[in-house]
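Right, one structure below, let's go through it.
Side chains are part of it too, since the values below use all heavy atoms of this structure and drop only hydrogens, waters and symmetry mates.
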Amino acid sequence: MSKRNNHTNTLAEYLATSGLPEADARKIYWKNYKANWRRKRRKEQKEFTVSFDSKEFRIIAEGAKCHHRSITRFIKEASLAYCNQQFLLPDPDAVNQIRQILMLTYSRVQEMTEDNNLPDKTGIALMEKINHLETYVLGKLTNPDKL
């Protein structure tokens with residue numbers, strides 16, 4: 001079976017060349033297609049089955065809920081974060097809101113400075129402080145100090 005994106009063409013070719021009744025040919029085609037897809041997927045992506053007792057499951061479920069993730073996504077991201085010695089953000093949306101508020105504050109101070117509502121020296125100093133605050137706060141939220 002050739003590798004193509006359009007299943008209709010390869011199915012039509014298979015139906016034309018198989019010599020089987022159409023219903024049987026379709027069934028065999030899709031069975032082979034799915035088997036090849038699963039084989040390819042297993043080569044590209046590894047899957048694991050993990051079991052948790054009820055106490056462990058509660059811990060995992062609470063962690064997933066606190067981090068605003070599905071249990072599966074939480075297990076994957078927490079494992080990778082641990083292995084890479086990175087921090088798993090408790091709430092990526094909250095971090096993005098903080099980033100947005102800091103950017104808006106910076107923009108507002110910049111506007112006020114350009115409109116001469118703030119002295120240039122004061123506006124520049126405030127923008128530098130906001131920039132430093134953004135770097136520091138987002139750094140602490142995304143990569144906290146090691147224990």
Point-to-point distance, once rounded to the nearest 0.5 Å, from CD1 of I98 to CG of L133: 10.0 Å

Connected via hydrophobic side-chain network under 4.5 Å: L11 and L20: yes

Pairwise side-chain contact, R99 with N96, heavy-atom cut-off 4.5 Å (strictly under): yes

Can you give the donor-acceptor pairs under 3.5 Å from side chains of residues 121-130 to other protein atoms, not counting sequence neighbours?
none

Shared hydrophobic cluster for V95 and V137 (ILVMFWY, side-chain gaps under 4.5 Å): yes

Summary of salt bridge (charged side-chain N to carboxylate O under 4.0 Å, His left out) pairs that have at least one residue in residues 19-28, sequence neighbours excluded: E22-R26

Spacing of CZ belonging to R39 relative to CG belonging to N32, to within rounding of 0.5 Å: 8.5 Å

Minimum heavy-atom distance P119-T113, with the two atoms named: O-CG2, 4.4 Å

Where A64 and S70 come nearest, the two heavy atoms and their spacing: CB-O, 3.9 Å

ILVMFWY cluster, V50 and I60 together (side-chain gap under 4.5 Å): yes

Euclidean distance, L102 CG relative to L138 CG, rounded to 0.5 Å: 6.5 Å

Short N-O contact, R41 and E47, less than 4.0 angstrom: yes

Sequence neighbours excluded - salt bridge (charged side-chain N to carboxylate O under 4.0 Å, His left out) pairs with any residue from residues 104-115: R108-E111

ring-ring contact (aromatic ring centres under 6.0 Å, His included) contacts touching residues 36-56 (sequence neighbours left out): none

Parallel, tilted or perpendicular: ring planes of Y33 versus W30, cut at 30 and 60 degrees: perpendicular

Hydrophobic cluster membership, L88 vs I71, 4.5 Å side-chain cutoff: yes

Cluster link L118 to Y106, ILVMFWY, side chain under 4.5 Å: yes

CA sep, side-chain torsions, deciding dist, call: S18, Y29, side-chain hydrogen bond (donor to acceptor under 3.5 Å, both in side chains): CA-CA 10 Å; S18 72; Y29 172 84; over 6 Å; no

Within residues 58-68 or reaching into it, pairs that qualify as side chain to side chain donor-acceptor pair (under 3.5 Å) - sequence neighbours excluded: H68-D91

Table please: side-chain donor-acceptor pairs of residues 72-80 below 3.5 Å, with sequence neighbours left out.
residue, atom, partner, partner atom, Å
R73, NE, E77, OE2, 2.8
E77, OE1, R69, NE, 2.3
E77, OE1, R69, NH2, 3.2
S79, OG, I75, O, 2.7

